[in-house]
Amino acid sequence: MRLAIAVALLTTLAACMPLNTDVPRGFDLSGDWLLDPELSDPPLDLKAIRRREDRDVARGRQANAAASAAFVVQDFPVLSAERLRIEQDADSMGIRYDDGNYRDVSWGVRERDFWTVRVGWEESVLVVRSTRGDIRGVETMALEDRARRLRVTVRVDTGGEDVRAVRVYRRQ
């Protein structure tokens, strides 16, 4: 029990810590990116998630039926995207996903579609912290292999079926 409280406290503190909004030297995601399926987790199986969540809600293991992990893909489209086109400047970046969705990510704190979004850097990793009610999401974007590879790690805590995924893209 103490361990669970300590983990919850550390997670809350980390979410409140300010992120650096100055783009680190050499951190440029601009360009076209193609998924490397061998280095990436597979896309989420939304039907399987819904079946498990329906059972969890019925058994009382998931209190908030609206906090479905099945909806996470809609709010975190990188979880299913095979291609990204990114435009970046000193204040923000725009991401066009292969399904036609577009997302504007501005450095700092913003409200976006019922989410409070905090964006900035921890060392040389771009961190996007999103909160909506009890749901907490963290996306990290790290350049690897001399900026030829982009590793996107997504963690979303829904209070039910949580989402954890890594997607790796190669610069085209």
Side-chain angles (χ1 to χ4, degrees), residues 7-8 10-36 39-41 43-44 46 49 67-145 147-171:
V7 168
L10 288 174
T11 302
T12 302
L13 288 174
C16 296
M17 292 178 63
L19 297 167
N20 184 354
T21 57
D22 294 327
V23 180
R25 185 180 188 112
F27 192 97
D28 186 5
L29 298 177
S30 297
D32 294 316
W33 298 88
L34 182 64
L35 182 72
D36 185 332
L39 298 176
S40 300
D41 292 333
L44 299 177
L46 299 180
I49 288 171
S68 172
F71 297 122
V72 168
V73 171
Q74 145 185 333
D75 292 321
F76 297 84
V78 73
L79 291 168
S80 62
E82 293 186 14
R83 289 184 172 275
L84 309 174
R85 171 166 275 203
I86 300 175
E87 297 172 341
Q88 179 183 324
D89 63 25
D91 301 311
S92 66
M93 71 178 170
I95 307 172
R96 180 159 312 281
Y97 301 93
D98 53 358
D99 65 358
N101 280 333
Y102 180 83
R103 179 178 175 200
D104 182 45
V105 180
S106 299
W107 320 144
V109 180
R110 303 280 187 273
E111 297 292 324
R112 178 184 68 91
D113 299 331
F114 308 109
W115 292 91
T116 299
V117 182
R118 291 172 174 78
V119 181
W121 282 265
E122 288 179 349
E123 298 183 20
S124 62
V125 175
L126 179 62
V127 178
V128 181
R129 292 186 185 129
S130 305
T131 56
R132 183 178 75 190
D134 295 341
I135 303 171
R136 305 225 180 297
V138 177
E139 292 173 80
T140 60
M141 298 180 184
L143 287 170
E144 302 174 342
D145 190 25
R148 293 186 302 223
R149 188 168 56 215
L150 172 62
R151 178 176 302 274
V152 181
T153 303
V154 179
R155 184 183 80 236
V156 184
D157 299 323
T158 66
E161 175 113 3
D162 295 335
V163 173
R164 307 280 186 270
V166 174
R167 307 288 278 174
V168 177
Y169 297 87
R170 295 212 178 269
R171 193 183 295 267

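Because the structure is predicted, anything quoted here is derived from the model rather than measured.
- For the salt bridge (charged side-chain N to carboxylate O under 4.0 Å, His left out) test with Glu139, the passing option among Arg129, Arg103, Arg167, Arg155 is Arg103; the others fail.
- Using modelled atom types, no side-chain atom of Asp104 and backbone atom of Gly94 make a donor-acceptor pair closer than 3.5 Å.
- Leu35 and Ser40 get closest at one heavy-atom pair: CD1-OG, 3.2 Å.
- Scanning both residues, Pro77 and Asn101, for their nearest heavy atoms gives CB-ND2, 4.2 Å.
- Looking only at distances, no side-chain donor or acceptor of Trp107 sits under 3.5 Å from a matching main-chain atom of Trp121.
- Remark: side-chain polar atoms of Asp98 are not paired, donor with acceptor, to backbone N or O of Ala81 under 3.5 angstrom.
- Side-chain contact annotation: Gln88 with Ser30, donor-acceptor N/O pair under 3.5 Å absent.
- Nearest heavy atom pair, residue Gly26 against residue Leu143, reads O-CD1, 4.3 Å.
- At a threshold of 4.5 Å between non-hydrogen side-chain atoms, the residues Met141 and Met93 count as touching.
- Heavy-atom minimum distance, Pro24 versus Glu123: CG-O, 3.9 Å.
- Counting only heavy atoms from C-beta outward, the side chains of Val163 and Leu79 approach each other to under 4.5 Å.
- A distance-only check finds no donor-acceptor pair linking the side chain of Asp145 to the backbone of Arg148 [under 3.5 Å].
- Under the 4.0 Å criterion applied to side-chain N and carboxylate O atoms, Asp75 and Arg132 are assigned as salt-bridge partners.
- The shortest distance between side-chain heavy atoms of Val138 and Val128 does not fall below 4.5 Å.
- Contact annotation: the side chain of Tyr102 never approaches that of Tyr97 to less than 4.5 Å [non-hydrogen atoms, C-beta and beyond].
- In this structure, the separation between OG on Ser80 and CG on Leu44 is 8.0 Å, given to the nearest 0.5 Å.
- At a threshold of 4.0 Å, the pair Arg85-Asp32 counts as salt-bridged, since one of the basic side-chain nitrogens sits closer than that to a carboxylate oxygen.
- Environment of CD in Glu87: sparse, with no more than 12 heavy atoms of neighbouring residues, nucleotides or ligands closer than 6.0 Å.
- Looking at Leu39 and Arg149, their side chains come closer than 4.5 Å, going by heavy atoms from C-beta outward.
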Worksheet entry | From CA spacing to verdict: side-chain contact (heavy atoms from CB on, under 4.5 Å), Val119, Leu126 | CA-CA 7 Å; Val119 181; Leu126 179 62; 3.8 Å; yes

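- Put simply, the side chain of Trp115 reaches to within 4.5 Å of the side chain of Ile135, judged on heavy atoms.
- Annotation: side chain of Leu150 is in contact with side chain of Leu29 (closest heavy-atom distance under 4.5 Å).
- A heavy-atom distance below 4.5 Å is not found between the side chains of Val156 and Arg164.
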